[in-house]
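Notes follow the structure.
Each chain gets a letter, A, B and so on, in the order the sequences are listed, and its residues count up from 1. Side-chain atoms are counted along with the backbone in the values below, which use heavy atoms only and exclude waters and symmetry mates.
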2 protein chains.
Amino acid sequence: MNTCQRYLKEIAKARHLEELQEAMNFVLSELSIESYAYLNVGVGTNSARSPFLIGNYKSDWTDYYIRNKLDLIDPVIEASIKSCVPFFWGVPEVVYASRPEQEVLFRQAASFGIRHGWTVPIHNCNGRIGTINICSSKEFDQFKEHIENLAMMLHVISIHFHASVCKCELADTKRSSIDLTTREKQCLEWAAKGKSRTDIAEIVGLSPRTVKFHIENAQKKFGVFSTRQAALQAVLSGMISI
Amino acid sequence: MNTCQRYLKEIAKARHLEELQEAMNFVLSELSIESYAYLNVGVGTNSARSPFLIGNYKSDWTDYYIRNKLDLIDPVIEASIKSCVPFFWGVPEVVYASRPEQEVLFRQAASFGIRHGWTVPIHNCNGRIGTINICSSKEFDQFKEHIENLAMMLHVISIHFHASVCKCELADTKRSSIDLTTREKQCLEWAAKGKSRTDIAEIVGLSPRTVKFHIENAQKKFGVFSTRQAALQAVLSGMISI
DNA sequence: GGATATCCTGTCCAGGTGGACAGGTGCGGC
DNA sequence: GCCGCACCTGTCCACCTGGACAGGATATCC
């Protein structure tokens, strides 16, 4: 068994988020990664659902980040939503602050020693994405070289880590898999076809309130906050067709 | 630059699907992978486009597979939709035929020498998923050992390959009848992610009215009457990703 | 009998959406 | 110079949506 396989095994055997964090701390320290943060965010609307964070960034910064919902404006998160391959960010790179509040964010991060980094975005199409963010106090060139040497391994480790997070999360919430009821699918299907609540009510022979009820349930199951997203998720996961 | 980086560069520089296939053929032959197939399928039941296939499987089999839409019943594809980490399939593994028509599929595949394999599922949330399927005529244990030694590199290569396919494909859609402008795509993309008009306005730096304007134009192009439908169409036709 | 799941229905209300009316700029082609 | 196109912005208003309150009826399983 090679080194990477050993690392992946370490990550796979974790049963709770705490164990997972320990495993990741161990693996990344072995790889001389001084500072990392796994951020799991919803791609949905800016509602109450909080993103969650695992890692060893300074808690002053991460607390502030989460409390102020900075993920909503973070250009790194924006880029992660769009990209499916890892990317560098910070001073000499493309992914950088473009709007005033993003510049504030970068300045604030810099005051905690976070000036540049490398991020692995991980998508699994359930309305949330995972990002492994690695940063360093080293000079950018030196950091980049270090990362590029490890990129392959770090990329794979990140994906498996995210998969483990999802597994632990699922185990926690006891939601084995997303399973829509007949009514939920029926209502969502018409919603995806562009019908309004009242239309659907008439079509399927329910009250508009009940249609709302079923769509709301579907939204909860997908962890999203709009019919738009629920319809998308249902179509993308092959549960309904339009 | 190490070997893997060289491979990734080879894949990244391809501009058309043909070049991409050549690059992949080269890379995988270097890694002593005798037989692979990249299958790109839509996840919806009646997806916008038929699946497409790149690789060096016997064309007798792949033609038959595509013609009979076997991806719709293939347990490997089912597993790929659900999993986001690579897995083995075939005789001694978990992913195997469970329904009668799936058993037929596996028997047919076996007659073409495909008995077991390893699949990397790649999700990037645009209504299609990519799978890199690698199989071998070797005995399973021997095959498994070979793959496990290369798993990390193959995994990363697969992800970058899929990203390149998407890039080439997007270039192709520019020639299709429906053609969204940059702003339209930009606004729809955020809309598909569940953002509201005001959110999007802030993100892309426009007035809410202008965001509305662009989404309306996209709606007209698709011949639909809601953001919901426009977002779905755009995602399913691969113009945007969520 | 109680827990659980699916299903059904109601009101109130802030905030989002889409249609219809306006207006404007800058660029390239004929 | 005019036309078409992409782009940008505004108001008004009916309607739709989602969240937060409610209230029910069945049926299954332990």
Using whole Å, what does the distance between atom [atom2] of nucleotide [N] and atom [atom1] of [X] come to?
X      : N      : atom1 : atom2 : result
B:L188 : D:dC7  : CG    : P     : 13 Å
B:F213 : C:dT25 : CZ    : P     : 15 Å
A:F222 : D:dG18 : CZ    : P     : 14 Å
B:K220 : C:dG19 : NZ    : C1'   : 10 Å
A:H214 : C:dT6  : NE2   : P     : 11 Å
A:R228 : C:dT17 : CZ    : C1'   : 9 Å

Between [X] and [N], is there a contact of a side-chain N or O with OP1 or OP2 at under 4.0 Å?
X      : N      : value
B:R197 : C:dG15 : no
B:S226 : C:dT17 : no
A:Q219 : D:dG19 : yes
A:T181 : C:dC7  : yes
B:T227 : C:dT17 : no

Is it true that B:E189 and B:K193 have a side-chain N and a carboxylate O under 4.0 angstrom from each other?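 Result for this pair is yes, salt bridge flagged.
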Check this for me, if you would: do B:E216 and B:K212 make a salt bridge, where the nitrogen-to-carboxylate-oxygen distance has to be below 4.0 angstrom?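 Salt bridge between B:E216 and B:K212, a charged N being under 4.0 Å from a carboxylate O: yes.
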Kindly state which residues belonging to residues 198-207 of chain A come within less than 4.0 angstrom of DNA chain D, counting heavy atoms of the residue only, listed by number.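 Of all residues in residues 198-207 of chain A, the ones placing a heavy atom under 4.0 Å from DNA chain D are A:T198.
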Check whether B:Q102 reaches the backbone of B:I73 with its side chain - one donor and one acceptor, N or O, closer than 3.5 Å.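 Pair found, side chain donor or acceptor close to backbone of B:I73.
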Donor-acceptor side-chain pairing of A:Y57 and A:N133 below 3.5 angstrom: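 Distance-only check fails for A:Y57 and A:N133.
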Selected nucleotide, minimal atom distance to A:R183 side chain, candidates D:dG19, C:dA20, C:dC7: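 For A:R183, the side-chain atoms sit closest to C:dC7.
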Candidates D:dT17, C:dA20, D:dC7 - which lies nearest the side chain of B:R209: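 Looking only at side-chain atoms, B:R209 lies closest to C:dA20.
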Report yes or no: is there a donor-acceptor pair, N or O only, under 3.5 Å between the side chain of A:K212 and the base of D:dG19?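 Pair found.
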Give one of base, sugar-phosphate or nothing for B:F225, where a contact means two heavy atoms less than 4.0 Å apart.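 Sugar-phosphate, no base atom in range.
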Under a 4.5 Å cut-off applied to non-hydrogen side-chain atoms, are A:F213 and A:C187 in contact?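 They are not in side-chain contact.
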Mapping A:E216 and B:N217 onto DNA chain D by nearest heavy atom, which one lands closer to the 5' end?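 Mapping each residue to its closest nucleotide by heavy atoms, the 5'-most match is B:N217.
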Mind telling me whether B:Y38 and B:F161 have parallel, tilted or perpendicular rings, with 30° and 60° as the class edges?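 Perpendicular: the ring planes of B:F161 and B:Y38 meet at over 60°.
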Could you label the plane-to-plane angle of the B:W89 and B:F106 rings as parallel, tilted or perpendicular, counting under 30° as parallel and over 60° as perpendicular?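 B:W89 and B:F106: perpendicular rings.
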